[in-house]
K.L.:
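Pasting in a structure now, in structure tokens, and then I'll have a few things to ask.
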Number of protein chains: 2
Amino acid sequence: MSNFQAFFDYIQEISGKLLSEDDKHLLMAHFRPKKLRKRQYFLQEGDVCKYIGFVIKGSARTFTVDEKGNEHILKLSLENWWLADFESFYLLTPSRFNIEALEDLELLQATNAQIEEFLKNIPAFSKMASVISQNYTIANQKRMQAAMNYTAEERYEDLINNYPHFLKRFPQNMIASYLGLSRETLSRIRKNSFK
Amino acid sequence: MSNFQAFFDYIQEISGKLLSEDDKHLLMAHFRPKKLRKRQYFLQEGDVCKYIGFVIKGSARTFTVDEKGNEHILKLSLENWWLADFESFYLLTPSRFNIEALEDLELLQATNAQIEEFLKNIPAFSKMASVISQNYTIANQKRMQAAMNYTAEERYEDLINNYPHFLKRFPQNMIASYLGLSRETLSRIRKNSFK
DNA sequence: TGATGACTGTGACCTAAATCACAAACATCA
DNA sequence: TGATGTTTGTGATTTAGGTCACAGTCATCA
């Protein structure tokens, strides 16, 4: 199935290792394709995040709703990103987050128990997992620093430099929320920044 | 050596697995004890973070200095925490961070190549690494959300709830910087919050 | 085609937190 | 013991960014 080809390519590229035919069959036997239409939820607040999803096509946002009803986007995800509330996924606690498709979404999903199997039995998969874990740690470190110490403008410039494609794929109000800004402030920053 | 006992206990507790005598000898052969006096640096901005340190005793802060000369604390570390700029440690790039002992510090340190060996050869060690990586991911997720969406008061309350011992071990100006606040603001929050 | 809902821009105003400045409390060490 | 550095408190002032309100633009779909 062509869905899986992109996934296999991704694993091999990130890990620098090849998947055997057996590896591929094991992955295909357990990762389940899933489609969501725009606005559908992959995860709802209060539910346990039973599945982790790998984005084949489309985009999604991970967000919370505060007591005043304001939404705060924690993560925006595109092709080749993993989708989960890791706290809930690892600990099986009810999630504080919602994950919603922003465009029609094609995923491959699996449970934590299945992931553990892949880690044990597929060297390329477990190498990929440790590389990703490193990348996440690095990205988190950077983003924390930006969130705490940078001004609104600096955070926006950072986004332009690091994730320029976000600007093409996501509307401004989503970007603003992701940066921890009001949409009005982002609009003004954009006005001032060029020209 | 008694330094190592605490370290072995830690690995066994986190991983839920026992270390064999061989495992222990391997760790003792490669993890090097290191002492730093208060104010000494474990890592200086611009240097590559060659070593990861495990804190046996004492405390440290990881911070940056911005163009105006202001310091921003990204991480405060105590006993049984790992000390490193992971970006620099994994990628061998020059670090943007400084790591400085806040109290006299006893560490066990190792290089990335040595860590890779332990991961390969010591099951308890690699299980510990994956548990820690999960915990980091969860903690980062929470802290990001707090940094972006919470007010100064809420962030301080969060700290009281999650890391009450920080208040005993670190001076207020360090706590303020860690929370991304000015020391004046933290002082006022404390004044208002009780009584 | 027009109508409804989503997204963006812009002004007026407000507020949380930073900055500046000075003083008090506390530690450390010769 | 006093002297010097470190940490904390508190007032006055400033500022980045939020909030509110309304208008304009754009897309979608019947």
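Please read these numbers as outputs of a predicted model, since none were measured by experiment. The chains referred to below are lettered A, B, ... by the order of the sequence lines, with proteins before strands, and numbering in each begins at 1.
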K.L.:
Between A/T185 and D/dG18, does any side-chain N or O lie under 4.0 Å from OP1 or OP2?
P.N.:
yes
K.L.:
Does A/R190 make a side-chain donor-acceptor contact with the base of C/dG9, cut-off 3.5 Å?
P.N.:
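Per atom types, no contact qualifies.
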K.L.:
Any luck finding a side-chain donor-acceptor pair between B/Q141 and A/D85 under 3.5 Å?
P.N.:
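A pair is found: one side chain offers a donor N or O, the other an acceptor, under 3.5 Å apart.
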K.L.:
Between B/S187 and A/N70, who's closer to the 5' end of DNA chain D by nearest nucleotide?
P.N.:
B/S187
K.L.:
Among the nucleotides C/dG11, D/dG17, C/dT19, which one has an atom lying closest to any side-chain atom of B/S182?
P.N.:
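Looking only at side-chain atoms, B/S182 lies closest to C/dT19.
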K.L.:
Can you tell me if B/E157 and B/N161 form a side-chain donor-acceptor pair at under 3.5 Å?
P.N.:
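Absent: no donor and acceptor within the cut-off.
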K.L.:
Assess, by modelled atom type and distance only, whether the side chains of A/N121 and A/E117 contain a donor and an acceptor separated by less than 3.5 Å.
P.N.:
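Result is yes, a qualifying pair exists.
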K.L.:
What is the distance, to the nearest angstrom, from the CE atom on B/M148 to the C1' atom on D/dG18?
P.N.:
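So the two atoms are 15 Å apart, to the nearest Å.
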K.L.:
Between D/dT7 atom P and B/F170 atom CZ, what is the distance in whole Å?
P.N.:
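After rounding, the reported distance stands at 13 Å.
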K.L.:
Provide, to the nearest angstrom, the distance between the CZ atom belonging to B/R188 and the P atom belonging to C/dT15.
P.N.:
18 Å
K.L.:
Starting from P on C/dC7, measure out to CZ on A/R61 and report it in whole angstrom.
P.N.:
9 Å
K.L.:
Would you mind telling me which of C/dA17, D/dG11, D/dG17 lies closest to the side-chain atoms of B/E153?
P.N.:
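When the side chain of B/E153 is considered, C/dA17 is the closest of C/dA17, D/dG11, D/dG17.
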K.L.:
For the residue pair B/Y156 and B/R190, confirm or rule out a side-chain donor-acceptor distance under 3.5 Å.
P.N.:
yes
K.L.:
Whole-Å distance between C/dG9 P and A/I175 CD1?
P.N.:
13 Å
K.L.:
Cut-off 3.5 Å, side chains only: do B/D23 and B/S20 have a donor facing an acceptor?
P.N.:
yes
K.L.:
Figure out the CD/P separation between A/E184 and C/dC7, and round it to whole Å.
P.N.:
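Atom CD in A/E184 sits about 14 Å away from atom P in C/dC7.
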K.L.:
With a cut-off of less than 4.0 Å, is there a side-chain N or O of B/R39 near OP1 or OP2 of D/dT6?
P.N.:
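For D/dT6, OP1/OP2 do have a side-chain N/O of B/R39 under 4.0 Å.
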K.L.:
When you check the phosphate oxygens OP1 and OP2 of C/dA6, does a side-chain N or O of A/N173 lie under 4.0 Å from one of them?
P.N.:
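Indeed not, no polar side-chain atom of A/N173 lies that close.
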K.L.:
Given atom NZ of B/K38 and atom P of C/dC29, what is their separation to the nearest angstrom?
P.N.:
8 Å
K.L.:
Between A/R155 (CZ) and D/dA16 (P), how many Å, whole number?
P.N.:
14 Å
K.L.:
Can you find a side chain N or O atom of B/Q172 that sits less than 4.0 Å from OP1 or OP2 on D/dG9?
P.N.:
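B/Q172 to D/dG9 OP1/OP2: side-chain N or O found under 4.0 Å.
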